[in-house]
Amino acid sequence: MAEGGGRPLKADDGNIGNYVDRNVDRIVDRIIDIDAYQVFDSRGNPTVEATVTLADGSVGRGLVPSGASTGKYEAWELRDGNPNRFRRKSVYQAVANVLGPIREALLRLDAPHQGIVDQQMILLDDTNNRSHLGANAILAVSMAFCCAAAQSRKLPLYEHLGGGEGNLIPLPEIQIVGGGVHAARTIDIQDFMIVAPQARGFEETLELTYNVYKETELLLKERGQLVGVADEGGFWPLVERNEEVFDLVLKAIERAGYTPGTQVAFALDIAASDLYRDGQYRLASENRQLSTEELAKMLAGWARNYPIVSIEDPMDQDDWQGWQQIMDVLGDEIQIVGDDLFTTNVGRIQEGIARQSASAVLIKLNQIGTVSETLDAIQLTQSAGWRAVVSARSGETEDAFISHLAVATKAGQLKVGSFSRSERMAKWNEVLRIERRLGSKARYIGGEALSPSFGSRRS
Ligand code: 2PG
Ligand code: MG
């Protein structure tokens with residue numbers, strides 16, 4: 001453990017806060033208390049919750065999610081590894097790191113704001129991947145401070161994060177069927193999501209999704225193929241081949257009275273890093289091994305046969321050539337999203353931009369560990385003319401910070417899993433609340449979020 005403290009910071013210290021005038025970096029009252037404790041996520045696994053109290057009485061809370069199909073370059077989630085406590089998954093050390101060194105350092109700050117608070121924790125951790133204090137310890141405090149600062153400024157979180165400009169209600173990408181490591185690999189593809197490009201409003205999109213979701217459930221029941229729901233609330237079906245899921249959902253779309261392609265389209269997360277071993281992609285459910293070229297060909301075939309508008313992680317996180325191939329074949333027609341490839345890391349996003357490896361970046365706070373670095377990742381993505389997709393994790397909580405983040409940064413797209421289970425619905429419901437609060441200032445982006453020009457207009 002680091003001895004508490006770290007060196008005092010100057011306002012221009014370090015490399016975060018590329019925003020010249022970032023809304024979230026307003027100075028607020030001193031931090032007078034920080035608390036942390038272990039709570040539990042949607043899989044029942046332990047996670048960190050922290051509260052930050054300011055001298056003016058404002059209190060903010062931060063709750064950290066957790067991935068299952070994690071990228072190799074993600075910030076480190078610190079777990080105790082003690083076989084006698086929660087099967088090695090307890091987070092008591094991360095909690096102790098908040099209550100000890102992080103608390104001590106942050107209570108000393110004279111003029112706290114998001115950039116300084118985050119930078120202080122980064123310096124205190126002093127590793128590249130936050131493995132000393134734990135990204136779960138750091139993020140809980142970073143989010144809690146952000147919420148306390150919003151309260152202190154008497155602003156809703158989206159306005160604190162984005163200023164008066166943050167008014168863009170995102171296009172939802174909603175999972176209908178879950179697979180991969182979220183469903184014991186019954187099927188290989190992790191997320192079969194739908195988007196509704198023509199729906200005119202957020203609630204209309206939700207209604208359409210609800211209808212397709214319910215029809216899918218009925219169909220699976222009729223066919224005796226329903227196992228239950230996967231980690232993110234999408235159905236866990238008994239199918240022989242990955243492609244059967246397209247046929248299933250297409251049927252559900254039609255039975256719900258919608259036209260596939262125009263009214264409802266597919267967005268996929270292949271989570272290909274989970275399929276990759278020794279230079280090959282293994283589709284275990286079909287007992288097939290594919291080379292990079294063969295996988296690219298298979299995905300191109302799917303894109304010809306089915307109305308797919310977005311593919312996330314089509315290739316492994318280190319298979320940069322594979323990403324190039326996918327961009328060459330599909331990049332003009334389909335949004336190509338990097339999740340494990342980029343891990344919300346500015347350095348990796350920069351590399352991806354230089355190589356033109358994708359056209360969008362999945363944004364997850366706990367992949368990088370602080371609110372400031374997440375905002376930097378979004379800003380870099382948008383300034384390259386790429387699209388940002390704000391995303392939840394498969395292990396989620398009741399916290400809805402990301403709904404505010406998506407609206408505030410005008411990301412344009414939000415992915416939080418399916419249309420069931422409260423940890424998912426909390427995010428959709430929060431967007432409804434934000435939309436209501438914004439009133440006539442709210443703008444729903446709809447299908448425009450997927451057009452290449454949306455990205456470039458943001459630069
Ligand atoms: C992903 C996420 C959410 P996980 O891969 O995009 O679907 O999964 O949180 O397990 O990484
Ligand atoms: Mg993913």
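Start at 1 and go down the list; that is how both ligands and their atoms are numbered.
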Take Glu373 and Arg130 through the salt bridge (charged side-chain N to carboxylate O under 4.0 Å, His left out) test and state the conclusion after the steps.
-> CA-CA 12 Å; Glu373 291 165 293; Arg130 316 288 174 255; 2.6 Å; yes
Residues in side chain to side chain contact (heavy atoms under 4.5 Å, CB included) with Asp399, at least two apart?
-> Leu63, Met143, Thr397, Phe401
Does Tyr210 have any ring-ring contact (aromatic ring centres under 6.0 Å, His included) partners at least two apart in sequence or in another chain, and if so, which?
-> none
Looking only at heavy atoms, is any part of Asp231 under 4.0 Å from ligand 1, and if so is it the side chain, the backbone, or both, or is it neither?
-> neither
Residues forming a ring-ring contact (aromatic ring centres under 6.0 Å, His included) with Phe342, sequence neighbours excluded | Trp386
Give yes or no for whether the N/O distance cutoff of 3.5 Å, strictly under, is met between Ser391 and ligand 1.
-> no
For Tyr213 and Phe419, run ring pair (Phe, Tyr, Trp, His ring centres under 6.0 Å): C-alpha distance rounded to whole Å, both residues' side-chain angles, the deciding distance at 0.1 Å, then the answer.
-> CA-CA 7 Å; Tyr213 184 78; Phe419 204 67; 7.1 Å; no
Is there any N or O on Lys415 that sits under 3.5 Å from an N or O of ligand 1?
-> yes
Give every protein N, O or S atom lying under 2.8 Å from the Mg ion (ligand 2), naming each by residue and atom.
-> Asp269 OD2, Glu312 OE2, Asp339 OD2
Is any NZ, NE, NH1 or NH2 atom of the basic residue among Glu217 and Arg223 found under 4.0 Å from an Asp or Glu carboxylate oxygen of the other?
-> no
closest protein heavy atom to atom 11 (O) of ligand 1 is Arg393 NH2, 2.7 Å
With heavy atoms and a 4.0 Å threshold, my read on which part of Asp340 contacts ligand 1 is neither
Ligand 1 versus Val181: contacting region, heavy-atom distance under 4.0 Å | neither
Closest protein heavy atom to atom 1 (C) of ligand 1, given as residue, atom name and distance to 0.1 Å | Lys364 NZ, 3.1 Å
Closest to atom 5 (O) of ligand 1 (heavy atoms only, candidates Glu232, Gln175, His182, Gln190) is Gln190
Closest approach of Thr205 to Ala199 (non-hydrogen atoms, all atoms of both residues) = OG1-CB, 3.3 Å
Could you tell me whether some N/O pair between Arg43 and ligand 1 is separated by less than 3.5 angstrom?
-> no
